[in-house]
Peer 1: 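Dumping the structure here so I can ask a few things about it.
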Amino acid sequence: RHKNLKSNDPHGDSPQLPKPPDWTQLYWQNTNGFQLADDNGGTFLTANEQLQVLQADAAGFSEINLDTTKSSVTNKLHTAIRKTSKHCHMKSSSSPTTATHDYKPGGTVTLIRDNLCSRFYSKGADKLGRWSFITLNCRGERKVTFVTIYQPCIGKPKHDGSMTVISQQYQHHLQSGRQQPENVRKHFIQDLRIFVSAHRAMGESIIMAGDFNEVIGTTSSGMSKVCRDFNLVDPIHQRHGSPSNQFATWIDGKETLDY
C-alpha cells in the first residue's frame with residue numbers, strides 16, 4: 001500500500017555494533033504516533049527496545065500524538081524507558097489543549113540513556129508542544145542542547161478540525177492575543193529563533209532534529225533561514241552528499257522533510 005516500502009534504502013552510514021567506546025550514538029524518528037496499548041508503553045516500548053539494540057545514547061521522537069499533560073501517559077512512557085535502560089532522563093512536549101483520550105496530535109519526546117545521563121544538565125519543553133530538549137555538560141564548561149522539533153504542516157486552522165496540530169496552536173495564539181494567529185508556522189519560526197538565540201547566548205552548541213515539514217534550501221525563509229542564520233548543518237548531507245535518487249522521508253512522499 002505504501003509506495004516507499006519497496007525502495008526503503010538507507011542513505012549514509014549504518015550504525016556500528018557494537019558501538020565504539022568513545023562514540024555517542026544519536027537516534028531520531030518521526031513516529032507518526034505511538035500507541036499505548038498497555039501499561040508497559042505499547043509501541044513506545046518497542047521503540048525503546050530498538051534503542052537498546054542500537055546502543056543509542058540519546059533519542060528524539062516527533063509527532064508522538066500523545067497527550068503527555070496526562071500523568072497516566074507519561075507514567076507509561078517512563079515505564080517503557082526503565083524496562084530498556086539502567087538510567088534515563090526524558091522530556092516530552094504537548095500543547096495545553098485538553099484531549100478526551102491519550103491520543104492528541106503533535107508533540108515530541110527527547111531522552112537520554114544510560115552512561116550519557118552522567119552528563120545531564122537540564123531539560124525543558126515549549127509550552128505549545130512544538131519542541132522538547134535536554135542540555136548536557138561537555139568537557140570543560142561547554143554544553144550542548146539536543147532539541148527535537150515538530151513544525152506543523154501547512155493548513156487552514158480556521159477550517160481544519162479543532163484537534164489538528166495547527167488548530168491547537170492557532171487557538172492558543174488567538175487566546176493570547178498574538179497578531180495573525182492563523183499564521184501558525186510563522187509563529188513557530190519566530191519562537192524557535194528566540195529559543196535557539198537564548199541557548200546560543202549561553203554558549204551552548206545546538207543539535208536539532210525533527211519533522212521540519214519543509215525541504216531545506218528550497219526557500220529563503222522558514223527553517224532554511226533558521227539553519228542559515230544559526231549555522232546549522234545537515235551532517236548526513238555534509239558527509240555523504242545528496243542521494244543519487246529521490247530520497248523521501250515520508251512513507252508516501254517524494255521529498256526530504258525530516259532532518
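None of the values given here were measured: they were computed from a predicted structure.
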Peer 1: Give every residue pair that meets the ring-ring contact (aromatic ring centres under 6.0 Å, His included) criterion with at least one member in residues 195-231, sequence neighbours excluded.
Peer 2: Trp131-Phe195, Phe133-Phe195, Phe133-His199, Phe195-His199, Phe212-Tyr259

Peer 1: Do any pairs count as a side-chain hydrogen bond (donor to acceptor under 3.5 Å, both in side chains) and have a residue in residues 219-229, sequence neighbours left out, and if so which ones?
Peer 2: Arg193-Asp229, Lys225-Asp229

Peer 1: Give a yes or no on this: more than 12 heavy atoms of other residues, nucleotides or ligands lie within 6.0 Å of atom CD1 of Ile154.
Peer 2: no

Peer 1: Would Leu111 and Asn48 satisfy side chain to side chain contact (heavy atoms under 4.5 Å, CB included), going step by step from the backbone distance to the final call?
Peer 2: CA-CA 10 Å; Leu111 63 90; Asn48 277 269; 4.1 Å; yes

Peer 1: At what distance, to the nearest 0.5 angstrom, does CG of Leu128 lie from CD of Gln169?
Peer 2: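 Leu128 CG to Gln169 CD: 5.5 Å, rounded to 0.5 Å.
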
Peer 1: Could you report the tightest heavy-atom contact between Pro152 and Val184, atom names first, then the distance?
Peer 2: CG-CG1, 3.8 Å

Peer 1: Might you work through the side chain to side chain contact (heavy atoms under 4.5 Å, CB included) test for Ile112 and Asp57, ending with a clear yes or no?
Peer 2: CA-CA 6 Å; Ile112 58 173; Asp57 299 287; over 6 Å; no

Peer 1: Not counting sequence neighbours, list each pair that qualifies as a ring-ring contact (aromatic ring centres under 6.0 Å, His included) and has a residue in residues 90-119.
Peer 2: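 ring-ring contact (aromatic ring centres under 6.0 Å, His included) check on residues 90-119 returns no pairs.
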
Peer 1: Do Gln52 and Thr84 have a side chain donor and acceptor closer than 3.5 Å?
Peer 2: no

Peer 1: Kindly compute the distance separating CD (Gln190) from CG (Asn183), expressed to the nearest 0.5 Å.
Peer 2: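 The CD atom of Gln190 sits 8.0 Å away from the CG atom of Asn183.
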
Peer 1: Are there over 12 heavy-atom neighbours, none belonging to Lys83, within less than 6.0 Å of that residue's NZ?
Peer 2: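 12 or below, so no.
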
Peer 1: Under the side chain to side chain contact (heavy atoms under 4.5 Å, CB included) criterion, do Leu36 and Val73 qualify, and how do the steps go?
Peer 2: CA-CA 8 Å; Leu36 302 184; Val73 171; 3.8 Å; yes

Peer 1: Could you check whether atom CG of Asn115 has more than 12 heavy atoms from other residues, nucleotides or ligands sitting under 6.0 Å from it?
Peer 2: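 Atom CG in Asn115 is not crowded, with 12 or fewer foreign heavy atoms closer than 6.0 Å.
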
Peer 1: Can you tell me how far apart CD1 (Ile149) and CG (Asp211) are? Round to the nearest 0.5 Å.
Peer 2: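 The distance works out to 8.0 Å.
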
Peer 1: Mind checking side chain to side chain donor-acceptor pair (under 3.5 Å) for Asp13 and listing every partner two or more places apart, or none if nothing turns up?
Peer 2: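 Asp13 satisfies side chain to side chain donor-acceptor pair (under 3.5 Å) with Arg239, His240 only.
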
Peer 1: Please report the closest heavy-atom contact between Gly106 and Tyr150, naming both atoms and the distance.
Peer 2: CA-CE2, 3.7 Å

Peer 1: Under 3.5 Å, is there a donor-acceptor pair between the Glu204 and Thr145 side chains?
Peer 2: yes

Peer 1: Once rounded to the nearest 0.5 Å, what's the spacing between atom CD1 of Ile216 and atom SG of Cys227?
Peer 2: 4.0 Å

Peer 1: According to side-chain contact (heavy atoms from CB on, under 4.5 Å), who are the partners of Ala99, at least two apart in sequence or on a separate chain?
Peer 2: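 Scan of Ala99 (side-chain contact (heavy atoms from CB on, under 4.5 Å), adjacent residues dropped) gives Asp67, Lys70, Lys104, Met163.
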
Peer 1: Could you measure the distance from the CG atom of Asn30 to the CG atom of Asn213? Nearest 0.5 Å is fine.
Peer 2: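 Result: 7.5 Å between the selected atoms.
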
Peer 1: Under the ring-ring contact (aromatic ring centres under 6.0 Å, His included) definition, can you give me all pairs with a residue in residues 70-90, not counting sequence neighbours?
Peer 2: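 Passing the test, one end in residues 70-90: His89-Phe120.
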
Peer 1: To the nearest 0.5 Å, tell me how far His187 NE2 sits from Tyr170 OH.
Peer 2: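 These two atoms lie 10.5 Å from each other.
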
Peer 1: List the steps, then state whether side chain to side chain contact (heavy atoms under 4.5 Å, CB included) holds for Glu63 with Thr108.
Peer 2: CA-CA 6 Å; Glu63 197 177 357; Thr108 70; over 6 Å; no

Peer 1: Looking at Ile236, I'd like to know if its CD1 atom is crowded, meaning that more than 12 non-hydrogen atoms belonging to other residues, nucleotides or ligands lie closer than 6.0 Å.
Peer 2: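 No, not enclosed.
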
